[in-house]
Amino acid sequence: MSSNQRELASSFVPGDIEGPLYKKWIDSGYFTADANSSKEPFTIVIPPPNVTGNLHIGHALDQTLQDCLTRLKRMQGFEALWLPGMDHAGIATQNVVEKQLAAKGLSRHDLGREDFVKKVWEWKAESGGQILGQMKRLGDSVDWSREAFTMDENLSKAVLTIFKKLFDQGLIYRAERIINWCPRCLTALSDIEVEHQDDEGEFVQVRYGDGEASIVVATTRAETMMGDGAVAVHPDDPRYKHMIGTEVLLPLVNRMIPIIADELVDPDFGTGAVKVTAAHDPNDFEMAMRHNVPFVVIMNEHGVMDGTGTEFDGMDRFEARVAVVAKLKEMGRIVAEKRPYIHAVGHCSRCDTTVEPRLSKQWFVKVAPLAKAAGDAVRDGRVKIEPAELAPRYFEWVDNMHDWCISRQLWWGHRIPVWYGPNDEVIVVGPGESAPAGYTQDPDVLDTWFSSALWPFSTLGWPNQTADVKKFYPTSVLVTGYDILFFWVARMMLFGLFAMDGVPPFHTIVLHGLVRDQFGKKMSKSRGNVVDPLEFIDKYGADALRFTLARGSNPGKDQALAEDWIAGSRNFATKLWNATRFAMMNGATTEGPLPAQSSLSAIDAWILSRLSETTTEYTALLESYEFARACETIYHFAWDDLCDWYLELSKETFASGNAADSQRVLGHVLDTLFRLLHPVMPFITETLWTTLTGKETLVTAVWPEADTAHIDKKSETLIGELQKIITEVRRFRNDQGVKPSQKIPGRIIAPAEVTAYSSAMAFLLKLELTDFTPSASVEIGAMKVELDLSGTVDVVAERARLEKDLATAQKDLKTAEVKLGNEGFMAKAPASVVVEIKERLAATTADIERITAQLAALK
RNA sequence: GGACGAUUGGCUCAGCGGUAGAGCACCACAUUGACAUUGUGGGGGUCACUGGUUCGAUCCCAGUAUCGUCCA
């Protein structure tokens, strides 16, 4: 089919092309990777969204960048695999199903464990995974044949395998510790599932004991005092030194407790004396371990006071706080109060309930050796973090990581493969094994992040030595927001290195920022500034959304997003569409060889030169994850160089009917441009390219190589001059109030290489190249355009324009003169800079002479 | 308290040792045969502050202020 038989609709309607194109891509299997291919692999595993989730703008950014890289590498000839899937999201999913049950007045306990889990699977089948369909709207080139879920049979096998391996090496243990407890979800949480917020609390000072044997402690948690086992002071605190080792009376429960000394106490905080509540505070727990302070539990799992033997039993913790303080006040034991007192309080990241530190028996991963390896892999350069500024954050965390609490008191998740025997035997049951009769399994499940940490290889079939594992592990690049560097990335490093014999799960970690609203504020439901990517896709097309997000993505930096900017990207898409229509109407073609470089017009040579430079620069930027700069580069090439200048300068040629060279050049430029843009804007480029070339698909087309033979500085200079004089004449016309459409007599006086393009210039400037007596002129360097304004030159406007130019030139002259008059500059500045300034001085001097003369002539 | 980052036109952000850039917004003109989802032209910034290094600093260094994020 030749190009003139194919046509584009007169306007670009994204909704008309996106669905059918995505279907074509899937049906053709373009995204399905081949583990047996001889091509070099390029692998990305998607950060698995929650099965409960919907596509939010952050996913849209994350996935746009991953798709850009995957599509780029696919075109560059790699065996590209972008592996999709979802996370079972333990607490989140369980919450959703429990909420549904609650609506019917049921709890999970009414169903029992087995039926409840069945219910969750049913929920997943019916309404889970909505995000997968939404990803298709975005155009994600993921390999659906490899879609994974953390609860899949094989991924569960991976979990069992790694658990057993860790346990056997003594890296998983069970212990009674203070853990973060959510009294609403009724489960333990890891440190990172706790979000610290500044809350309003109170800070009270309470006198323990009486007379000489009394000490005032400061606390924000008066209700826990009934669980105190000691009062602690700093060993060197002169106020209390004499009291260390003595005992004071704990009010309300009338128990004698010792005063101990511990370095952990900050003498400058409050009164310098703190209560030690071993069973209800992590710091106190540590001190208690050092000083043999008893653990007194005074609260149950719901956060309700229990076992104090006082009137407070049965009260909720916050209710009890008020009541305890009131009672102490009545007893005259409150020395000082500060209210409100703003301090950081931990909240459950899933339900926002205030977390309660709780003494509890849980399973832990001993992270020290794993974290050391994870830190070293980055330190010794085997894994790169982009941008590098974010590496310190990674180290800070990995090097100071606490043991990881992995047991959750939930039903939805991987059940801990530990079985207990009748005589307290503990065994771990690996894949394919079974527990001896009479053993019972631990009721808890594993932290969701435990299975997510295996994602880069469990999804490829590990622990089986599959073809996929061999071909695609280690993965290449991990693209994600810096906000889950700790949650997920660091854990993949921990487990990946451990499971895969020290081979890190990826060689580069690419961190992007968060999408914020148009004023740079965080998006949140309470602010009401959350946007829906699907609405934007409906309204402006997936390409526009993708281009906007990629264009805003500077490495590791948050980006602001406004609807106007998406509209701007849609306009860009429209521009490409219309330019292609124009090109095809004018016979642009991709068939046959390019014309010889020597026979090209300066205009054609110039656009090929710019294309070559743009290709090099843009490719390098994409390969170094500089998405914003890459998009900026290609945008300016397409809109400014190609549409505003090349097409405009070429219109005359195309109209002449003698434009074979330009038709071929333009076809080549568009062909290349669409290839380059395809990773960012897959839909429109596929449509335009297949229409232009008549070929089947751009998805698997070859990535353009910059042809350095096309670099032509001479043409670039010439066209630069042309642009300058054209802009200057346009400015003159504007200043003179000449309507854009009004033709005026004109004449171009310039070196031959410029006048060769007189007719193109005349076309752009609406000049009639006829005989006339000039009444005005515009000059730039050696170029001059004379015009006839029929004696109606607006002298005032013209003087104003020239005087402004003169002022600018004089200012420039002065800076150049000052520099050249500076001995230090002349002696020490590089020769090239000196030459540059000298040239500038000469040019400015000439400008001033010219303008002065023109001004004189205007009198 | 620790770590990191930011401070550049009205807004959101690039840039970077040698005459300050983009997008959007703004002003004027224009409905010219690709495109009004447009075109052309224009206005607008002492690059947070104070010192230092340098022939030269928005850029490098130090300090100050303000803001942000993460961790404790």
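- In this structure A/Lys372 satisfies the side-chain hydrogen bond (donor to acceptor under 3.5 Å, both in side chains) test together with A/Asp376, sequence neighbours excluded.
- Comment: A/Lys539 engages A/Glu563 in a salt bridge, judged by a side-chain N to carboxylate O separation of less than 4.0 angstrom.
- Of the side-chain N and O atoms in A/Arg393, none sit less than 4.0 angstrom from OP1 or OP2 of B/C4.
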For nucleotides 28-30 of chain B, list the nitrogen or oxygen atoms of the protein found under 3.5 Å from its nitrogen or oxygen atoms, one pair per line.
residue, atom, partner, partner atom, Å
B/A30, OP1, A/Lys739, NZ, 3.2

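- Listed by chain and residue number, A/Asp847 satisfy the salt bridge (Lys or Arg N to Asp or Glu O under 4.0 Å) test with A/Arg850 (two or more places apart in sequence, or in another chain).
- Atom name C1', nucleotides B/G17 and B/C60: the rounded distance is 8 Å, in whole Å.
- RNA chain B lies under 4.0 Å from at least one heavy atom of each of the following residues of residues 628-642 of chain A: A/Glu632, A/His636, A/Trp639.
- Using cut-offs of 30° and 60° for the angle between ring planes, the A/Trp449 and A/Phe487 rings count as tilted.
- Legend: residues meeting salt bridge (Lys or Arg N to Asp or Glu O under 4.0 Å) with A/Glu648, ordered by chain and number and at least two apart, are A/Lys651.
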Secondary structure of RNA chain B in dot-bracket form (Watson-Crick or G-U wobble, distances below 3.5 Å, | marking inter-strand pairs): (((((((..((((....[..)))).(((((.......))))).....(((((..]....)))))))))))).

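- Listed nucleotides: B/G18, B/A34, B/U54. Nearest to the side chain of A/Lys575: B/A34.
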With a cut-off of 3.5 Å and sequence neighbours excluded, list every side-chain donor-acceptor pair involving residues 395-403 of chain A.
residue, atom, partner, partner atom, Å
A/Asp399, OD1, A/Arg379, NH2, 3.4
A/Asp399, OD2, A/Arg379, NH1, 3.1
A/Asn400, ND2, A/Glu396, O, 2.6
A/His402, ND1, A/Asp191, OD2, 3.2
A/Asp403, OD1, A/Val367, N, 3.2
A/Asp403, OD2, A/Tyr173, OH, 2.5

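- Contact detail for A/Thr844 and A/Ala809: the closest heavy-atom pair is CG2-O, 2.9 Å.
- Among residues at least two apart or in separate chains, salt bridge (charged side-chain N to carboxylate O under 4.0 Å, His left out) pairs with a member in residues 818-837 of chain A are A/Glu836-A/Arg840.
- Legend: residues meeting side-chain hydrogen bond (donor to acceptor under 3.5 Å, both in side chains) with A/Ser662, ordered by chain and number and at least two apart, are A/Asp604.
- One N or O donor and one acceptor, one from the side chain of A/Arg570 and one from the base of B/U37, sit under 3.5 Å apart.
- Under the side-chain hydrogen bond (donor to acceptor under 3.5 Å, both in side chains) criterion, A/Tyr482 pairs with A/Asp558, sequence neighbours left out.
- Closest approach to the A/Asn571 side chain among B/C70, B/U38, B/A34 is made by B/U38 (side chain taken as heavy atoms from C-beta onward).
- Looking at which nucleotide of RNA chain B each of A/Arg731 and A/Thr574 is closest to, the 5′-most match is held by A/Thr574.
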Letter per nucleotide, 5' to 3', of nucleotides 8-13 of chain B [B base touched, S only sugar-phosphate touched, - untouched; heavy atoms, 4.0 Å]: ---SS-

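- Expressed to the nearest 0.5 Å, how far CD of A/Glu613 lies from OG1 of A/Thr633 amounts to 11.5 Å.
- A/Glu632 meets the side-chain hydrogen bond (donor to acceptor under 3.5 Å, both in side chains) test with A/Arg551; sequence neighbours excluded.
- On the P atoms, B/U40 is 30 Å away from B/U8, given to the nearest whole Å.
- Side-chain N or O atoms of A/Arg516 include none that pairs as donor or acceptor with a backbone N or O of A/Gln559 at under 3.5 Å.
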